[in-house]
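Computed from heavy atoms alone, side chains included, the values below leave out hydrogens, waters and symmetry copies.
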Amino acid sequence: MSDNSNPLEGAKHVTVIGAGAMGSQIAMVSALAGYTTALVDIAEEYVERAKSQLESRMNRDVEKGRRSQEDVAAAFDRLTFTTDRDGSAAQTDFVIEAAVEDLGIKRELFTELDQICPPHAILATNSSNIVSSRVADATERPDKVCNFHFFNPALVMECVEVVPNEHTSAETVETAVALAKSFGKKPVKLKQETPGFVANRLLGALRTEALKLYEEGIADFEDIDVAAKTALRHPMGPFELMDLVGVDVVYLIRMAEYEQTGNPESLPRPAIKELYEAGRFGRKSGQGWYSYD
């Protein structure tokens with residue numbers, strides 16, 4: 001990337017690491033925005049599944065008139081599904097890591113990417129659970145490491161949180177913000193790291209109060225959801241949203257925050273802990289707060 005007024009000058013290639021639901025949709029967003037994009041995972045079956053799911057999703061969007069067949073076809077022409085991480089990373093300008101939420105794995109991954117990617121490439125993590133300062137020191141380019149946090153589903157949700165660590169350069173932040181805008185998103189630029197960032201901090205306050213109301217026997221969770229939707233005009237109630245995001249994700253985010261803060265208030269609420277231990281993760285498992293076919 002050259003040093004001029006356009007922070008995206010010369011940025012043409014995006015690599016997304018992790019072909020799960022979030023990573024695959026982020027890759028599609030990038031390809032739709034005109035970037036040559038590689039979606040990378042460790043096994044062929046993972047990238048093939050991601051390709052099949054994206055094809056189905058895009059076909060539905062075309063059928064419903066949300067996108068044109070030409071735009072979708074052009075995006076798939078720009079999108080590569082591969083297990084060749086190193087080959088992609090060696091030519092990339094911007095990496096978005098969306099792998100498993102395991103700090104040890106992420107640190108190892110960032111160390112390896114740092115050795116493979118071109119010197120100018122930015123290494124970003126999509127995680128809102130693990131702040132970038134916890135992986136930046138595993139690289140020789142901490143000034144080019146940040147959080148680049150999408151929301152689920154990434155193809156639909158407009159918000160992207162851009163979060164610097166104490167070493168992140170202003171140029172890296174501005175490049176990430178510009179990339180989010182070029183994706184058609186609305187970036188939220190934080191000034192410093194904080195557990196949960198902005199949106200999840202706001203959401204967490206609502207979720208905590210909803211769980212307290214339920215645990216104290218004030219109202220059933222179904223009625224709390226109705227109140228959020230009809231009185232506050234939220235598209236989903238807090239319990240429906242937990243099922244969509246994943247009760248396991250909610251649990252792990254709270255545990256990660258507790259590890260960072262040591263504050264007992266950060267621990268998961270008892271009702272969340274009970275569902276997590278029972279394997280009732282929400283829509284992904286068929287049962288959470290609600291039951292799903």
Side-chain angles (χ1 to χ4, degrees), residues 1 6-99 109 113 116-118 120-127 144 146-162 172 175-187:
M1 300 177 198
N6 180 5
L8 282 179
E9 182 69 26
K12 299 178 181 179
H13 190 286
V14 173
T15 297
V16 181
I17 308 291
M22 181 62 80
S24 61
Q25 289 201 25
I26 293 172
M28 195 74 225
V29 167
S30 173
L32 286 165
Y35 293 90
T36 299
T37 306
L39 178 60
V40 179
D41 215 314
I42 58 175
E44 193 68 35
E45 63 182 291
Y46 298 154
V47 293
E48 286 299 320
R49 180 173 59 195
K51 181 178 181 181
S52 176
Q53 291 173 344
L54 284 175
E55 287 173 344
S56 296
R57 175 67 180 260
M58 291 297 100
N59 286 339
R60 289 197 302 272
D61 282 359
V62 170
E63 290 170 3
K64 294 181 179 181
R66 296 172 182 158
R67 306 182 193 276
S68 72
Q69 182 63 58
E70 293 76 16
D71 286 347
V72 169
F76 273 111
D77 286 343
R78 290 187 285 267
L79 180 54
T80 301
F81 300 84
T82 181
T83 58
D84 182 13
R85 184 199 67 184
D86 293 1
S88 174
Q91 58 183 327
T92 201
D93 301 303
F94 201 105
V95 174
I96 304 171
E97 174 270 317
L109 176 60
L113 289 171
I116 299 164
C117 293
H120 71 268
I122 290 172
L123 308 181
T125 174
N126 178 61
S127 180
K144 297 185 181 299
C146 67
N147 286 80
F148 196 61
H149 178 228
F150 288 75
F151 290 80
N152 187 29
L155 277 161
V156 176
M157 300 295 282
E158 292 182 287
C159 184
V160 173
E161 292 175 314
V162 177
T172 294
T175 300
V177 166
L179 184 67
K181 288 180 179 178
S182 75
F183 283 175
K185 302 301 185 182
K186 295 183 178 179

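Between I96 and V14, some side-chain heavy-atom pair lies under the 4.5 Å cut-off. Considering only heavy atoms from C-beta on, V162 stays 4.5 Å or farther from L179 through its side chain. Contact annotation: the side chain of P118 never approaches that of Q91 to less than 4.5 Å [non-hydrogen atoms, C-beta and beyond]. Taking 4.5 Å as the limit, every side-chain heavy atom of S68 sits out of range of all side-chain heavy atoms of V62.
The main-chain N or O of M157 is found under 3.5 Å from a side-chain atom of K185 such that the two form a donor-acceptor pair. D93 places no side-chain N or O within 3.5 Å of a backbone atom of A121 that could act as its donor or acceptor partner. Under the 3.5 Å distance criterion, the side-chain polar atoms of N147 are left unmatched by any main-chain donor or acceptor of A124. A donor-acceptor pair is defined here as one N or O able to donate and one able to accept, closer than 3.5 Å; no such pair exists between the side chain of D41 and the backbone of Y46. Between the side chain of R78 and the backbone N or O of A31 there is at least one donor-acceptor pair closer than 3.5 Å. In this structure a side-chain-to-backbone donor-acceptor pair under 3.5 Å is missing from T80 to T82.
Residues A154 and Q25 approach most closely at N-OE1, 3.2 Å, considering heavy atoms.
Side-chain atoms of H13 and T92 form a donor-acceptor pair, as typed in the model, at a separation below 3.5 Å. Looking at S56 and N59, their side chains never bring a donor and an acceptor atom within 3.5 Å of each other. The closest side-chain donor-acceptor pair between S182 and Y35 falls under 3.5 angstrom.
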Walk me through whether F148 and V160 qualify under side chain to side chain contact (heavy atoms under 4.5 Å, CB included). CA-CA 7 Å; F148 196 61; V160 173; 3.9 Å; yes
Would you please test E44 and T83 for side chain to side chain contact (heavy atoms under 4.5 Å, CB included) and show each step? CA-CA 6 Å; E44 193 68 35; T83 58; 3.8 Å; yes
T15 and V40: CA distance, side-chain angles, deciding distance, side chain to side chain contact (heavy atoms under 4.5 Å, CB included) verdict: CA-CA 7 Å; T15 297; V40 179; 4.0 Å; yes
Residues L109, E97; criterion side chain to side chain contact (heavy atoms under 4.5 Å, CB included); working and verdict: CA-CA 9 Å; L109 176 60; E97 174 270 317; 3.6 Å; yes
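Using bins of under 30°, 30° to 60° and over 60° for the plane-to-plane angle, the ring pair F183/F150 lands in the tilted bin.
Between atom CG of residue L155 and atom CZ of residue R66 there is a gap of 10.5 Å, rounded to the nearest 0.5 Å. Separation of atoms CD1 (I42) and CD1 (I17) is listed at 11.5 Å; rounding is to 0.5 Å. Annotation: the span from M58 atom CE to M28 atom CE amounts to 5.5 Å, rounded to 0.5 Å. Here CG of D86 is found 3.5 Å from CD1 of I116. Values are rounded to the nearest 0.5 Å. The NE2 atom of H120 sits 11.0 Å away from atom CZ of F94, with the distance rounded to the nearest 0.5 Å. For the atom pair CG of N126 and CZ of F151, the computed distance is 9.0 Å after rounding to the nearest 0.5 Å.
Among the candidates V16, V29, L39, the single residue satisfying the side chain to side chain contact (heavy atoms under 4.5 Å, CB included) test with S24 is L39.
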